[in-house]
Structure formats: structure tokens, C-alpha cells
There are 2 protein chains.
Amino acid sequence: MGDSARLPFVASLPVVNQPLHRSGALLDHLARRMRLRAESVLAPLGLRPRHLVALTVLREHGGCSQQALAAMLEMDGTNVVGLLNDLETRELIERRRSPEDRRRHVVELTDTGLRDLAKAEFALAAAENEVLGALDDTQRETLYCLLQQAATGAAISCSAALAEDTR
Amino acid sequence: MGDSARLPFVASLPVVNQPLHRSGALLDHLARRMRLRAESVLAPLGLRPRHLVALTVLREHGGCSQQALAAMLEMDGTNVVGLLNDLETRELIERRRSPEDRRRHVVELTDTGLRDLAKAEFALAAAENEVLGALDDTQRETLYCLLQQAATGAAISCSAALAEDTR
DNA sequence: ACAAATAGCTTGTCTTACACAAACTATCCA
DNA sequence: TGGATAGTTTGTGTAAGACAAGCTATTTGT
């Protein structure tokens, strides 16, 4: 495909509301590096990175339907079923029938799930130290807050200690 | 291929303050959401997310050997070859023989590569607006700086975010 | 009351990203 | 000269995940 000059670049266009940099590739890159380490850390716990993602999302948005979860994870519903089967087998999550609509499953972390998630996160400290080694603790907390806010879609009062955000 | 750079970096200081939160899962989650959108945006440009990652890394660390690149991407050398073959075919990167060690290939972005990378990033604005919609421009720039700093492993002066400029 | 839509589950197929191994060439170095 | 190293090629295996078809239980609309 011979690529020729289209014209998305007009030299003197006022680039008003365009954020200066794209984070996508870096996000991808760092997530990969983290995932590689997480795999080996998580393996002895019988978990895989995507399980951690699901548990993490569920900790924040507990009590949602599987469809809602599939939408949040942006995963195909059928694959979410398998994911939840894993987690339910390990008793990390619970599927309860919704009383208002008995077709629906209300998915929620169990106490075990909450505990094992915390355990896993503790075990991942070393991995994170490697990947985020160039960031100090404050920066890491800022990063976490931004990611969390982006993930939940709402501004969240993370530690007020970081009085970073004042628009 | 020489040695694999997979040394685990000995458990560092038993520092008091273990960072409060783990970003790994969120990183994974957001990277996935971004990648899904990036795929469809990038497809018409003949690129895939991992190409973007490679180009992004090369823009920062241009002129390195393929092994160094493989180490940075934490990918197997043989797969990096294929990735670079793609990019070289499209003339986005160049492999030059290193003069000091003619076994080595010095990989670098071409002008086309630099331009197409910028083009792709421009095209990804909408995708990023969806995924990072909960962050305002300042927060996004902060996020970018943190990711960049983590990725390059060196502290970069981002505090004066808007003073940061061309490269 | 009954048809249609919906939530979830199961199975099975296909694609793709990778890791990994083996064998090869070109080059460097001792 | 012989061994180590950088890169390449080919080929194999695993796993994530998309997608489709067919199933049950339940709700909703007429």
C-alpha cells in the first residue's frame, strides 16, 4: 500500500484541545512488562493477570451483573463466564441470583477473594518495584490515582495528601 | 542472542512504606481498553498496537541494537526480528550495520517512521478521549509524564509539564 | 396466556501474540 | 583457527480471546 501524503497536518492549525502526548503505547508497554512479572508471581497463587484485573474491577464495582462486568472489562460475555468460573471454583467470587431479576447473576467478591487479592497485591510489590522503579512513592500513588480515576470514570478522592489536582 | 536480561533485581530496601496501592491490574485493564480501540484506528494505517509500542520506544531510544530493543520490549529476540521486518518493509525503521561491530544492527526510526508515528498518535486522540475521558488535560499530561519516566527509567522533569517540548 | 426478548451457560472453532528451540550466516575475538 | 555473539529463518506449542450456535431460566410486552 503505497502511502502518500494525506493532509492531516496543516502547519499552522491551532491545536487547541489536543493533549500533547498519547499515553496509549506507553500504557501498553508498561502493562506488558508488569504482566510478565505478575505471571510468575501469581502462578503459585493459582491466579493469572486477567484474574487480578477482574478481581480489581470487582472490588471497585462489586455487586454488578455479569453483563456489566463484561462491559467494564470489554470482554466477550462467553469469556467472562469462564473467567468467573475459575474465580468461583476458587471461591474468590460469588454468583448470587438477583432478587429483582432472577436471570441476572450478581457477582461479588467473597471475603476470601478480598483477602487473596490483597495477598496477591502484596506479593506484587517486588514486580512493581522493578517496573516503576524510576518513580518515587508519591509519584506511584499519583499514578495509581490517575489510573483509578480513569478506570472508574469518575474523579475519586484518593489520598488527600496529594493535593495535586486543582482544576 | 546472548544473555537474556531477565535478572530479577534483588529485593530492594525493606523500606518502611510499601506503596499503598498496586497499579499493575489497572495498568493492564486500561491498556487493554486502549488497545482495543487502537486496533481499529491503526488498522487503516497498516499498523498494530505492538508496532506503535516499538516505534514509541525507538523514538526515545533510537540507535540501539536489536538485542537492546528486545530487552527494552522484553520480547523474545526472534519475535523482534519479525516486528522489525514489518516496520522495515514499510520503511518506518532502518537497520544499519554498526560500524564498530558489524554483526550488530543499529535500529532507528526513519523520517517516514517519525511522521507516521505522529500521524498515528494524532489519529488516536479519539480513542484516548474515550479511555481517559475521566481525566482532564493536565491530568493526562501528568499521566503521560509518569509513564514516560517509568518507561525510560530516568527521572524527567515533568513538573514543568508544559515546558517539556520537542525531542 | 403466550410470544419474544434477555441473562447466562456450554461447546467448539479460529485468529493472533508470543515463547521457545534448532539450524544457519556473518562477524568478532582470543 | 575455533569459539562466542548478533541476527535471521522456520517451525512448534500455548494461551487469550473473539465469535457463533444452541441451550435453560426468566422477564416483559401484547
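In what follows, chains carry the letters A, B, and so on, assigned in the order in which the sequence lines appear, proteins first and then strands, with residues in each chain numbered from 1.
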A/Ser65 side chain: which of C/dG8, D/dG7, D/dA18 is closest?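 Of the candidates, C/dG8 comes closest.
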Without decimals, in angstroms, what is the distance between [X] [atom1] and [N] [atom2]?
{"X": "B/Arg96", "N": "D/dA6", "atom1": "CZ", "atom2": "P", "value": "19 Å"}
{"X": "B/Glu39", "N": "D/dC19", "atom1": "CD", "atom2": "C1'", "value": "15 Å"}
{"X": "A/Leu36", "N": "D/dA15", "atom1": "CG", "atom2": "P", "value": "15 Å"}
{"X": "B/Leu73", "N": "C/dC18", "atom1": "CG", "atom2": "C1'", "value": "13 Å"}
{"X": "B/Gln66", "N": "C/dT25", "atom1": "CD", "atom2": "P", "value": "19 Å"}

Of the residues in residues 74-89 of chain A, which ones touch DNA chain C at a heavy-atom distance under 4.0 Å?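 Close to the strand are A/Thr78, A/Val81, A/Asn85.
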Heavy-atom side-chain contact between [X] and [Y] under 4.5 Å:
{"X": "A/Glu130", "Y": "A/Arg33", "result": "no"}
{"X": "B/Asp137", "Y": "A/Leu20", "result": "no"}
{"X": "B/His61", "Y": "B/Thr152", "result": "yes"}
{"X": "A/Leu132", "Y": "B/Leu146", "result": "no"}
{"X": "A/Leu55", "Y": "A/Ile93", "result": "yes"}

By the definition side-chain hydrogen bond (donor to acceptor under 3.5 Å, both in side chains), identify the one residue from B/Gln66, B/Glu108, B/His105 that meets it with B/Arg95.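 So, applying the side-chain hydrogen bond (donor to acceptor under 3.5 Å, both in side chains) to B/Arg95 and each of B/Gln66, B/Glu108, B/His105, only B/Gln66 qualifies.
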Residues B/Glu74, A/Arg35: salt bridge by 4.0 Å N-O rule: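 Salt bridge absent between B/Glu74 and A/Arg35.
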Select base, sugar-phosphate, or nothing to describe what B/Arg32 touches, counting heavy atoms under 4.0 Å on all strands.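 Sugar-phosphate, no base atom in range.
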So which atom in A/Leu26 and which in B/Ala151 form the shortest heavy-atom distance, rounded to 0.1 Å?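 Looking at all heavy atoms of both residues, the shortest contact is CD2-CB, 3.8 Å.
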Return the angle between end axes of the helix from C/dA1-D/dT30 to C/dA30-D/dT1, with five pairs used per end and rounding to 10°.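 That helix has its two terminal axes inclined by roughly 20°.
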Spatial distance of atom CG (B/Leu47) from atom CZ (B/Arg90) [nearest 0.5 Å]: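 Reported value, rounded in 0.5 Å steps: 6.0 Å.
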Inter-residue atom distance B/Leu58.CG - B/Leu69.CG, 0.5 Å rounding: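 Output value for this atom pair is 5.0 Å.
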Can you tell me if B/His105 touches the phosphate of C/dA26, counting only side-chain N or O atoms and a distance under 4.0 Å to OP1 or OP2?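 Looking at the OP1 and OP2 atoms of C/dA26, neither is under 4.0 Å from any side-chain N or O of B/His105.
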Residue met sooner reading DNA chain C from 5', once A/Arg35 and A/Arg104 are mapped to nucleotides: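 Result of the comparison: A/Arg104.
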Under 3.5 Å, is there a donor-acceptor pair between the side chain of B/Arg97 and the main chain of B/Arg103?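 Judged by distance alone, yes, a pair lies under 3.5 Å.
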Base-contact (B) and sugar-phosphate-only (S) positions in nucleotides 24-30 of chain D, heavy-atom cut-off under 4.0 Å, - elsewhere: -BBS---
